[in-house]
Structure formats: C-alpha cells, structure tokens
Amino acid sequence: MKVLHLYKTYLPDTIGGVEQVINQLARETEKLGVTNEVLSMSATKTEGTVTVDGHLVHRCRSNIEIASTPFSLSAFFKFKKLVREADIIHYHFPYPFADALHLLAGQNKPSVVSYHSDIIKQKRLLKLYRPLMRMFLSKVDRIVAASPNYLKSSDVLSHFEKKVNVIPYGLNKSSYPLPSAGRLIAWKKQFGSRFFLFLGVLRYYKGLHILIEAARTTDYPIVIMGAGPIEHELKKQVLELGLQNIHFVGFLPDEDKVALLELCYAVVFPSHLRSEAFGISLLEGAMYGKPLISSEIGTGTTYINIDKETGVVVPPSEPIALRQAMDYLWNNPEEAQLMGKRAEERYWKLFTAKQMAKSYFQLYENLLEAK
C-alpha cells in the first residue's frame, strides 16, 4: 500500500505539531507495510526529493504565500504525477492549496483528510475560502478528527459528522533520545529540580502572554523552550514586568528537550484559542509522567489532560486561575506526582504511535476495499 501525504510544510524545513504527527504516522505505518511519501512546499529555491526517517519527501518551491498558505505551480504537476503512483491520498487540513489541487487534478484515488484544526485567525479570508473548503470536504472519502472533543465543538465537522472518524494523535516514546548524564546535570544545575516547563513554537494562540502575566506574583522557575514569531514581544513583556523567573532557552535539540521533560516538575500549556487543536507537547508531558496544566478551549487539550485526574484545567485567558493551578501543584507534591502517573497511564492507553498507526491502517484498508 502506498500513501501520499500532502501538507504545506514538512521536515526538515519546519518542525511543528502537524509535521510531527505526519512523521510519527509514516514511521509507524511503515512497520505495517505502508510506503509513505510526503509532498510539501519549501520556501527555499531548491526543489527536489530527500529522505526523512525512511520515507521520501518531495519539496516544491513556493511561488507565493498568502495568509500562511504557500502556493506552488510546480506542485500541481508533481501532485498529478505522484497521485498516479499512490493508492491513498492523505491530506492534512487546513491547507487551502491542497483543496484546490484535489479538485483541479481530477484524481479519483481513495482520499482521507486529517482535520487538524478549524481556521480561527483568518476570519475574513475564511468567508472567501468557505465554498472551496466545503466542496473539498464533501468530495473526500473520510475525515479524521484527533479527539471527540474537537468533533463535538467544531462547526465545520458537524456538517460532515457521518464520515468523520476519531483517531487520536500518537507518539512513539522509543523514538525520543535518551539524554546523557552530562546533559541532565547541566540543565539541573541551571534550573534545579523543580520548574514548570512550556514546549512549543511561540505563536499567538499559545497563551504565553497569559503565563507571563500569571508569573508576576510567583517566584516559580518557568522554562520556555521554543522559538517563533512572537518571541521578541514575549521577551519584551518579561523585561517590562521585571520578571526574573521566566527563562527562554530557545529551540533545542531533542536530547535537551527530553532532559528538560525528565527534570521538570510539571508541564504548563496555556493555549487559549481553538487554533490549538490538540497539543503535541502537552502529550509529551504526559508521556514523561508529568502533571499537566491546560485551558478548556473545547479541543484535544482536555482530551489529553483530565481536570483533577492528570492535572489541572483552567478557563482560558485568566492569569489568576493559571497562577492558582501552578500554586496547587507546587504546594501539593504528592498529588502532583500522582497526577503525573495517571497522565502517563493515559498516554499508554490512548496515545501511542502504534495505536494511531493501527487505526489509520485499518481506515486505509477500508477505503481500498470500498473502491
């Protein structure tokens, strides 16, 4: 079975939640006999095919980008060629250019859409895009949501509920490197053994400005690992507030990320908008047995983190509630440790890459049989 994945960006050019999901899915379904290839756009002038973790990645040069959506003329011809060789076309939504490719290429291969998120920020452009989006989603064979929470709360998915499957994202813990003793000692020396950790790209919907505001009246060490478009304004906010307990460490290799996950006291994930559809780094916290703090935004974050069971769930955009959640975990170490243990148990029960791959593989087989 040969599956072609289509998304706007991919490794090694970019590292984000969707890219991680595609990568984990490709690596795990390969063990079940699936040959995966990825078609993505690249801002570099170099086009071509590279191998990433055992699967081919076809990169087409982006000619123009509108509202974070890259368009590529060469991708149209590349897509038509790759479709002829594929058994299943697997789209990763939202990416409006992929909708157009599907409809213009006239392909009739079985198709599945991983619906990663509603479109939240681009409200004006959404009005123009909505007819194309609905036509695309009505044409594809199956749609996959990553959590029952998101299926229930998405206005778009409610129109296509009869052809929606729920398959949670999964991670393979064995694919994460073991940090060296030296790396662990170095980070422990810098931050101690009790600190809150945020992991992720620094984007507008991550709620980090809320976390910084919550930190005003605390002295808990808070480590922010990642880089992104709002990094400068976040650092400016910390500087203006005169905070000494917020530590930006930038984008780090996986070994350092794992070291920080192993050492941290808890993972805090303050995303406050529905653009945060799931929360891969929140899941990473669960995978490493850490108590979790997240906001109730009607998405997969509260499918991963169950209030008072695996951590604390707070209302979005409320710094006081976020600080109180941090206070609770900090002042109740035995309960925090128990929550972390339950978070890890939930990971092994629901969120392994093996389970995700098995579910998608069954979906692929069903689509092929139906055709």
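Just so you know, these numbers use all the heavy atoms, side chains as well, and skip hydrogens, waters and symmetry mates.
Just one of Thr310, Thr302, Asn305, Asp307 meets the side chain to side chain donor-acceptor pair (under 3.5 Å) condition when paired with Ser294; it is Asn305. Only one option out of Val3, Leu32, Leu25 pairs with Phe361 in a side chain to side chain contact (heavy atoms under 4.5 Å, CB included); it is Leu32.
Leu125 CG: more than 12 foreign heavy atoms inside a 6.0 Å radius. In the displayed structure, Gln337 atom CD is contacted under 6.0 Å by at most 12 heavy atoms of other residues, nucleotides or ligands. In this structure, Leu103 places its CG atom where more than 12 heavy-atom neighbours from other residues, nucleotides or ligands lie under 6.0 Å away.
Using a 3.5 Å distance cut-off with no hydrogens or angles, the side chains of Asn23 and Tyr10 do pair a donor with an acceptor. At a cut-off of 3.5 Å, with distance as the only test, no side-chain donor of Glu47 or Ser42 sits close to an acceptor on the other residue. Counting only N and O atoms by type, the side chains of Glu37 and His58 include a donor and acceptor under 3.5 Å apart. Side-chain contact, Thr29 with Asn36: a donor N or O sits under 3.5 Å from an acceptor N or O. Side-chain polar atoms of His116 and Tyr7 form no donor-acceptor pair below 3.5 angstrom. Looking at Ser281 and Glu284, their side chains never bring a donor and an acceptor atom within 3.5 Å of each other. For Asn165 and Arg142, the side-chain atoms include at least one donor-acceptor pair closer than 3.5 Å. Checked by atom type, the side-chain pair Thr301/Glu276 shows no donor-acceptor distance below 3.5 Å. In this structure, a donor-acceptor pair under 3.5 Å is present between the side chains of Ser275 and Tyr204.
The CD1 atom of Ile246 sits 9.5 Å away from atom CG of Leu234, with the distance rounded to the nearest 0.5 Å. In this structure, the separation between CZ on Phe251 and CG on Leu202 is 11.5 Å, given to the nearest 0.5 Å. Rounded to the nearest 0.5 Å, atoms CD1 (Ile167) and CE (Met356) are 9.0 Å apart. To the nearest 0.5 Å, atom CD1 of residue Ile304 and atom CZ of residue Phe269 are 7.5 Å apart. One finds the OH atom of Tyr176 at 14.5 Å from the CD atom of Glu255 (value rounded to the nearest 0.5 Å). Once rounded to the nearest 0.5 Å, the distance linking CD1 of Ile297 with CG of Asn149 reads 10.5 Å.
Ion pairing between a basic and an acidic side chain is recognised when a charged N comes within 4.0 Å of a carboxylate O; Lys349 and Glu345 show no such pairing. The residues Asp118 and Arg274 are annotated as salt-bridged, a charged nitrogen and a carboxylate oxygen being separated by less than 4.0 angstrom. Glu309 and Arg342 are not joined by a salt bridge, as no carboxylate oxygen comes within less than 4.0 angstrom of a charged side-chain nitrogen.
Residues Val144 and Leu363 share a closest heavy-atom pair of CG2-CD2, 3.6 Å. When all heavy atoms of Thr299 and Ala277 are compared, the pair lying nearest together is CB-O, 3.4 Å. Contact record, Pro12 with Val50: CD-CG2, 4.3 Å, taken as the closest heavy-atom pair. Between Gly300 and Ser147, the shortest heavy-atom contact is CA-OG, 3.5 Å. Scanning all heavy atoms of the two residues, the minimum distance from Ala215 to Ile222 falls at CB-CD1, 3.7 Å.
Side chain of Ser138 to backbone of Met135: a donor-acceptor contact under 3.5 angstrom is found. No side-chain donor-acceptor contact under 3.5 Å links Glu28 to the backbone of Ala353. The main-chain N or O of Gly54 is never found under 3.5 Å from a side-chain atom of Thr51 such that the two would form a donor-acceptor pair. Using modelled atom types, one side-chain atom of Asn366 and one backbone atom of Gln362 make a donor-acceptor pair closer than 3.5 Å. Judged by distance alone, with hydrogens and angles left aside, the side-chain atoms of Lys163 form a donor-acceptor pair with the main-chain N or O of Val140 at under 3.5 Å. Lys78 places no side-chain N or O within 3.5 Å of a backbone atom of Arg59 that could act as its donor or acceptor partner. Proximity of a side-chain donor or acceptor of Arg194 to a complementary backbone N or O of Trp330 within less than 3.5 Å is detected. In this structure, the side chain of Ser359 engages the main chain of Gln355 through a donor-acceptor pair within 3.5 Å. Asn245 places a side-chain N or O within donor-acceptor distance of the main-chain N or O of Tyr220, the cut-off being under 3.5 Å. A donor-acceptor contact shorter than 3.5 Å links the side chain of Ser153 to the backbone of Gly298.
In the hydrophobic cluster analysis, where Ile, Leu, Val, Met, Phe, Trp and Tyr join through side-chain heavy atoms closer than 4.5 angstrom, Leu252 is grouped together with Val223. Hydrophobic clustering of Ile, Leu, Val, Met, Phe, Trp and Tyr side chains at less than 4.5 Å, counting indirect connections, keeps Leu241 apart from Ile320. By the rule that hydrophobic residues join a cluster once side-chain heavy atoms approach within less than 4.5 Å of another member, Met225 and Leu282 end up as members of one cluster. At a threshold of 4.5 Å between side-chain heavy atoms, the hydrophobic network of Ile, Leu, Val, Met, Phe, Trp and Tyr places Val83 and Leu368 in two separate groups.
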Would you sort out whether Tyr115 and Ser154 count as a side-chain contact (heavy atoms from CB on, under 4.5 Å), showing the intermediate values? CA-CA 10 Å; Tyr115 192 96; Ser154 170; 4.0 Å; yes

Working note: Lys206 + Phe198, criterion side-chain contact (heavy atoms from CB on, under 4.5 Å); need CA distance, chi angles, decisive distance, verdict. CA-CA 10 Å; Lys206 295 293 184 179; Phe198 168 86; 4.1 Å; yes

Test log, rule side-chain contact (heavy atoms from CB on, under 4.5 Å), inputs Val268 and Leu322: CA-CA 9 Å; Val268 58; Leu322 185 58; 4.0 Å; yes

Please test Phe351 against Leu171 for side-chain contact (heavy atoms from CB on, under 4.5 Å), starting from the C-alpha separation and ending with a verdict. CA-CA 7 Å; Phe351 302 115; Leu171 299 175; over 6 Å; no

Can you check ring-ring contact (aromatic ring centres under 6.0 Å, His included) on His247 and Phe191, steps first, answer last? CA-CA 9 Å; His247 307 278; Phe191 298 124; 5.1 Å; yes

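Between Tyr303 and Tyr169, the ring center distance fails the sub-6.0 Å criterion. For Tyr91 and Phe136, the ring centers are positioned less than 6.0 Å apart.
Using a 4.5 Å heavy-atom cutoff, the side chains of Leu263 and Leu184 are in contact. With contacts defined as side-chain heavy-atom distances shorter than 4.5 Å, the pair Lys139/His102 qualifies. Residues His90 and Leu4 have side chains not in contact (no heavy-atom distance under 4.5 Å, counting atoms from C-beta outward). Considering only heavy atoms from C-beta on, Asp87 stays 4.5 Å or farther from Lys109 through its side chain.
In this pair, Tyr364 and Tyr360 present their aromatic rings tilted. The plane angle is within the 30 to 60° band.
Annotation: cation-pi pair Lys173/Tyr288 present, NZ/CZ under 6.0 Å from the ring centroid and within 45° of its normal. The cationic group of Lys290 does not satisfy the cation-pi geometry with Tyr265, failing either the under 6.0 Å distance to the six-membered ring centre or the 45° limit from the ring axis.
Residues satisfying the side-chain contact (heavy atoms from CB on, under 4.5 Å) criterion with Ala75, sequence neighbours excluded, are Met41, Cys60, Ser72, Phe97.
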